[in-house]
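Working notes for the structure below.
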Amino acid sequence: MAGNVTIDPLAWAEAVAKPEIDQVLSLKSGRIIDVRRFVRAFRYERAILLRQKLKMLVKSNKTRLVCATCGVPVYLVCSTAKRFFFRHRHEDGSCPAVTRTGFTEADIRAMKYRGNKESEAHKRIKRLVLRSVSADPRFTDVVTEQTWRASEGLTGLRRPDVSARTDSLRLAFEVQLSTTFLDVVLSRREFYRSERAALIWVLPNFHPNYRRMTDDDILLSNNSNIFVVDASTATASEAAGVFMIKCWHRKPVIDGDRIVDEWVERLVCWDEITVDVDLQTVQAFDYSSEAAQLLEQIKLEKIAKLAAQKEAAERAKVALENELRDLMFRFVLNYEDDDKHLGRYKRWVAINDRLLSHGCGLEGKYPDLMKASRLVHLVATAKAGKPVGFKYKNLVEIGHHLFHQHPDLLLAYGFMLRAFGTKSILDREDRTGRWVAKVREERSNFLSDAKYKMAEDEERLLAFLSQGASRKLANDNRNQDGGRAAA
Ligand SMILES: [Zn+2]
């Protein structure tokens, strides 16, 4: 029992410290692959299945990977310490990488399989399986050690420890006492698959923290279910008149944002077991479906969490901007501290710094408070539909003023009047029609003449203060008059 290393199926696989073959060539992609990095990309459970797959491919002459040095097909091997490396399919001394010197410890243990086959322990478990299956009247033709010949031109024959039939299925039970060659496990699986029969490996005992290579080969290729027959399960079968068997399986559970395994041990009756002949799986619990479902759940929760975080950040940003906008309006409109001129400018610079950090402050070493105040007044005016902070009687007078003194603000003024629904006030005030005439005359120059264009930083500040109303696209109704909002 000494020296067994058992790996968490979800842990990352590892290569041996110094693999003889350190690079392999993929015949599919033509790429050279670093063995240590390659192995590390798989979780242990996947590496075990990959090892089985590569072995099958090599056996059927469908090579995927070859030694990068000599081009001989290779397959993945697992050491007794459950670390992986590649081995040549055959070795004739022409490659400097030597992977087949004598027998490994695992090989030797595997060879003991044949001796074990007829051991007392083996016979005892076989009898327990026989008792268990015979207890259930749904099983017929229950026999031991009967030769099973391949039915359709396939070579070979097998002699399962126990075989039986249900009305829909042929079953072979194999008692698994000691380490078996992977070859043996794989070729039996293929044999029964082609016979359209199910192979059930039966162990005398199992513990998840002490798993041999063969246990992992059987467990992981069987959707993480493994079966035990012992005296207590045989007695339970006879008592119930139903085939009962002990199932150990992995059970995925969510731990934070990942999946971890729990191990479940339970007595199951035959009705709880699902057989898939094509996949050669016999299971009481569908580990892979459950794991996939939990992964999906984790993914959805992650997405929902990110969306909530984004929304909260967005809300916080809007709240901060509203507060800053209010601050700027209060600062300009509630002008009370005339006499402390320098203090007021300092306060403005502090507010402008905050505006700058939101991407909408005025640039330059001495940001112009008068300019900024004018923008605040213009927004307040357009909103109120009457002059705020301007020494004029009404909106149309401000319009004329802008035409002569601040043509760069003219378009934005028009957009805001429209957006805030106060343009009709200006229209009523233009009794002489002088304003309409002026606009008509200048209309073709609004977009081309540079004097109607605001400085970029002022434009951004005005857009911030007016919450976008100063910009052309702030209001959808504008298309009706071809974008001539200033008119
Ligand atoms: Zn080689």
Side-chain angles (χ1 to χ4, degrees), residues 3-114 155-156 178-191 193 211-221:
N4 178 283
V5 176
T6 296
I7 309 280
D8 178 354
L10 290 172
W12 295 104
E14 286 214 52
V16 296
K18 274 191 179 171
E20 279 290 336
I21 297 175
D22 58 359
Q23 288 185 326
V24 292
L25 171 69
S26 162
L27 294 184
K28 208 169 157 195
S29 69
R31 246 184 248 139
I32 300 268
I33 300 165
D34 178 86
V35 167
R36 266 168 294 199
R37 210 177 312 153
F38 175 75
V39 169
R40 250 183 272 138
F42 293 90
R43 292 189 189 274
Y44 177 76
E45 58 172 352
R46 296 283 160 195
I48 290 291
L49 296 181
L50 176 72
R51 168 172 153 277
Q52 296 183 4
K53 189 177 173 192
L54 290 178
K55 186 83 180 189
M56 285 303 292
L57 289 170
V58 164
K59 273 161 72 86
S60 56
N61 281 320
K62 288 182 205 144
T63 302
R64 282 272 180 84
L65 299 172
V66 298
C67 171
T69 309
C70 68
V72 167
V74 292
Y75 56 91
L76 198 59
V77 186
C78 194
S79 76
T80 48
K82 307 279 168 71
R83 284 168 165 256
F84 295 86
F85 61 95
F86 281 101
R87 183 175 280 166
H88 292 116
R89 187 179 59 187
H90 54 81
E91 226 157 51
D92 59 7
S94 58
C95 183
V98 178
T99 57
R100 305 190 67 91
T101 44
F103 293 107
T104 65
E105 198 186 325
D107 289 342
I108 294 162
R109 274 198 278 128
M111 281 178 218
K112 294 176 184 160
Y113 177 75
R114 216 167 263 131
T155 53
S178 57
T179 300
T180 308
F181 276 123
L182 177 58
D183 267 352
V184 174
V185 174
L186 293 177
S187 62
R188 286 201 190 164
R189 192 190 299 163
E190 278 320 295
F191 179 83
R193 192 207 309 271
R211 306 189 316 268
R212 300 161 304 173
M213 200 65 242
T214 310
D215 299 338
D216 279 348
D217 277 329
I218 294 170
L219 173 81
L220 296 173
S221 62

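Both backbone and side-chain heavy atoms feed into the values below; hydrogens, waters and symmetry mates do not. Indexing begins at 1, ligand by ligand and atom by atom, following the structure's order.
What you find for A15 and R36 is that their closest heavy atoms are CB-CG, 3.6 Å. Here the closest non-hydrogen pair linking P9 and R43 is O-CB, 4.0 Å.
Q52 places a side-chain N or O within 3.5 Å of a backbone atom of D217 that can act as its donor or acceptor partner.
The shortest distance between side-chain heavy atoms of S60 and E190 does not fall below 4.5 Å.
Of all protein atoms, those that are N, O or S and lie under 2.8 Å from the Zn ion (ligand 1) total 4.
Residue pairs meeting the side-chain hydrogen bond (donor to acceptor under 3.5 Å, both in side chains) criterion with at least one member in residues 18-30, sequence neighbours excluded, are S26-S29.
The CZ atom of R89 sits 11.0 Å away from atom NZ of K55, with the distance rounded to the nearest 0.5 Å.
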